[in-house]
Student: 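Take this structure first; my questions come after.
Positions are given from 1 along the sequence.
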Amino acid sequence: MGTLARNIGRAALGATAVGTATVAYAAGIERTHWTLRQATLPVLSEGARPLRVLHISDLHMMPNQRSKQRWVAALAELDPDLVVNTGDNLAHKAAVPSVLRALGPLLDRPGVFVFGSNDYYAPRPKNPARYLIKSKRRVHGIPLPWRDLRAALVERGWQDLTHVRRLLSVEGQTIAVAGVDDPHLHRDRYVDIAGRPNRAATLRLGVTHSPEPRVLDAFAEDGYDLVLAGHTHGGQLRVPGYGAIVTNCELDRSRARGASRWGAHMWLHVSAGLGTSPYAPVRFACPPEASLLTLVPRPTGTNTPDNAQQAARFGADADVS
């Protein structure tokens with residue numbers, strides 16, 4: 001009996017040590033392991049020149065996060081043709097200058113954006129179990145200075161896509177873009193942008209913060225080629241061999257991060273984002289990321305990739321730290 005008790009004690013101590021090490025890694029190492037994810041997506045009109053799109057999301061910026069600010073600013077060296085920001089930039093009422101410091105060099109590039117819930121309201125302490133149990137109850141934090149952030153981004157030339165449709169000229173090619181306000185807060189009004197986008201455009205691009213299926217279905221029905229979204233944090237905590245535990249929205253777990261097909265024509269790309277709530281500063285098996293997407297023409301003579309092999313080839317993502 002003494003031996004059994006000692007073995008149980010050793011097992012308990014071992015489990016505690018593993019748990020402690022995992023939390024330490026998730027909070028102290030992976031949370032700041034800034035990662036560039038790359039993918040090639042066949043979404044352009046036949047014969048179009050490739051476009052390089054930098055997808056940034058979920059900065060959740062705090063004023064003192066200098067490492068994150070430096071890393072994001074350095075992404076300008078990738079020389080993207082277009083920058084798309086899918087929201088949740090702020091995590092503190094004084095973070096607007098920090099976001100602009102991070103995005104500064106990228107603001108000289110063509111760019112578009114929509115906002116998420118953590119642009120409008122500050123995060124609050126939450127019971128982590130709430131992410132595992134669906135609830136309609138939502139308590140907002142203090143209001144954040146999203147108007148100041150919007151004014152600064154627009155002043156530098158980026159386009160606010162909140163419930164508007166626009167035509168952009170990027171590298172001599174026409175892109176039809178449209179966006180909605182955050183579906184996570186039920187602020188989306190797709191009816192304001194409904195209708196088929198310009199069919200002569202090289203790319204028809206939809207932008208939303210939360211990838212709610214109702215919004216994705218609407219973009220797909222109208223004939224968009226690609227939708228970019230964030231919000232999920234890729235699950236933030238992923239189990240190797242299982243993937244994301246939750247997505248914090250109605251999107252299925254398999255699409256919590258990276259590229260996937262949505263319907264017969266449209267592609268979806270979900271960024272796992274670069275930040276966390278200051279009240280849950282951990283990531284596991286899901287490093288913070290920005291994504292460089294190389295958009296190329298669809299296969300000649302077809303509207304969409306017509307088999308699983310093509311989907312796997314073009315949908316696979318590769319991490320480059």
Student: Do you know the tightest heavy-atom contact between Pro213 and Glu250?
Tutor: CD-CB, 3.6 Å
Student: Are Leu251 and Glu212 close enough that some pair of their side-chain heavy atoms sits under 4.5 Å apart?
Tutor: no
Student: Which heavy atom in Trp262 sits nearest to a heavy atom in Ala220, and how many Å separate them?
Tutor: CD1-CB, 4.1 Å
Student: Is Leu36 reachable from Ile56 through a run of hydrophobic residues whose side-chain heavy atoms are each under 4.5 Å from the next?
Tutor: yes
Student: Within 45 degrees of the axis of the six-membered ring of Tyr120 and under 6.0 Å from its centre: does Arg187 put its NZ or CZ there?
Tutor: yes
Student: Determine, step by step, whether Val43 and Leu203 satisfy the side-chain contact (heavy atoms from CB on, under 4.5 Å) criterion, reporting the C-alpha distance in whole Å, the side-chain angles of both residues, the deciding distance to 0.1 Å, and the verdict.
Tutor: CA-CA 7 Å; Val43 294; Leu203 170 69; 3.8 Å; yes
Student: Measure across Tyr190 and Ala218 and return the closest heavy-atom pair with its distance rounded to 0.1 Å.
Tutor: OH-O, 3.3 Å
Student: With heavy-atom distances below 4.5 Å as the criterion, would you say the side chains of Pro240 and Phe284 are in contact?
Tutor: yes
Student: Report yes or no: do Val170 and Val53 belong to one cluster of Ile/Leu/Val/Met/Phe/Trp/Tyr joined by side chain heavy-atom distances under 4.5 Å?
Tutor: yes
Student: For Asp225 and Arg298, what are the C-alpha separation, side-chain angles and deciding distance, and is it a side-chain contact (heavy atoms from CB on, under 4.5 Å)?
Tutor: CA-CA 10 Å; Asp225 302 305; Arg298 297 180 183 275; 3.3 Å; yes
Student: So do Val83 and Trp158 actually touch side chain to side chain, heavy atoms under 4.5 Å?
Tutor: yes
Student: Are the side chain of Glu171 and the backbone N or O of Arg49 linked by a donor-acceptor pair below 3.5 Å?
Tutor: no
Student: According to a hydrophobic-cluster definition based on side-chain heavy atoms being under 4.5 Å apart (Ile, Leu, Val, Met, Phe, Trp, Tyr only), do Leu78 and Leu59 belong together?
Tutor: yes
Student: In plain terms, say whether Arg52 and Asp81 are close enough for a salt bridge, that is, a side-chain N and a carboxylate O under 4.0 Å apart.
Tutor: no
Student: Please report the C-alpha distance between Trp34 and Ser67 in whole Å, then the side-chain angles of each, then the deciding distance to 0.1 Å, and finally whether the side chain to side chain donor-acceptor pair (under 3.5 Å) criterion is met.
Tutor: CA-CA 9 Å; Trp34 319 117; Ser67 172; 2.9 Å; yes
Student: Before you tell me yes or no, could you show the steps for Leu168 and Gln159 under side-chain contact (heavy atoms from CB on, under 4.5 Å), namely the whole-Å CA-CA distance, both residues' side-chain angles and the distance that decides it to 0.1 Å?
Tutor: CA-CA 9 Å; Leu168 304 180; Gln159 302 285 327; 3.9 Å; yes
Student: State, yes or no, whether a side-chain contact exists between Arg204 and Arg199 at a heavy-atom distance under 4.5 Å.
Tutor: yes
Student: Should the ring pair His184 and His231 be called parallel, tilted or perpendicular, given that the plane angle runs from 0 to 90° and is split at 30 and 60?
Tutor: tilted
Student: Between Arg255 and Val270, is there a donor-acceptor pair closer than 3.5 Å when you use the side chain of the first and the backbone of the second?
Tutor: no
Student: Calculate, to the nearest 0.5 Å, the distance between atoms CG and OG belonging to Asn85 and Ser57 respectively.
Tutor: 6.5 Å
Student: Between CZ of Arg261 and CG of Leu41, what distance do you get to the nearest 0.5 Å?
Tutor: 10.5 Å
Student: Determine whether a donor-acceptor pair (N or O, by modelled atom type, separation under 3.5 Å) exists between the side chain of Thr174 and the backbone of Ala201.
Tutor: no
Student: Working to the nearest 0.5 Å, report the span between CD1 of Ile193 and CG of Leu161.
Tutor: 9.0 Å
Student: Is it true that Arg165 and Asp192 make a salt bridge, defined as a side-chain N closer than 4.0 Å to a carboxylate O?
Tutor: no
Student: Any side-chain heavy atom of Leu82 within less than 4.5 Å of one from Leu205?
Tutor: yes
Student: Drop me the distance from Leu106's CG to Leu153's CG, to the nearest 0.5 angstrom.
Tutor: 11.0 Å
Student: Which atom names give the shortest non-hydrogen contact between Glu289 and Ser291, and what distance separates them?
Tutor: OE2-OG, 3.6 Å
Student: In terms of hydrophobic clustering (I, L, V, M, F, W, Y; side-chain heavy atoms under 4.5 Å; direct or indirect links), are Leu144 and Val154 co-clustered?
Tutor: yes
Student: Atom CD in Gln69, atom CG in Leu103: separation rounded to 0.5 Å?
Tutor: 10.0 Å
Student: If two hydrophobic side chains count as joined below 4.5 Å and joins carry through other members, does Phe115 share a cluster with Leu107?
Tutor: yes
Student: With side chains defined as the heavy atoms from C-beta onward, is the minimum distance between Leu293 and Leu228 less than 4.5 Å?
Tutor: yes
Student: Hey, which of Asp181, Asp88, Asp188 is the one that makes side chain to side chain donor-acceptor pair (under 3.5 Å) with His209?
Tutor: Asp88
Student: Atom CZ of Phe219 and atom CZ of Arg214: how far apart are they, to the nearest 0.5 Å?
Tutor: 12.0 Å
Student: Leu274 vs His60, test: side-chain contact (heavy atoms from CB on, under 4.5 Å). Steps then yes/no.
Tutor: CA-CA 7 Å; Leu274 281 157; His60 292 281; over 6 Å; no
Student: Kindly indicate whether a cation-pi arrangement holds for Arg253 with Tyr242, taking the cut-offs as under 6.0 Å to the six-membered ring centre and within 45° of the axis.
Tutor: yes
Student: Is there a donor-acceptor contact under 3.5 Å from the side chain of Thr300 to the main chain of Glu46?
Tutor: no
Student: Measure the shortest side-chain to side-chain distance between Thr276 and Val282 over non-hydrogen atoms and say whether it is less than 4.5 angstrom.
Tutor: no
Student: Is there a side-chain contact between Val207 and Phe113 (heavy atoms, below 4.5 Å)?
Tutor: no
Student: Which atom pair, heavy atoms only, marks the closest approach of Leu90 to Asp119?
Tutor: N-OD1, 3.5 Å
Student: What are the two closest heavy atoms between Ala229 and Thr86, and how far apart are they?
Tutor: C-OG1, 3.7 Å
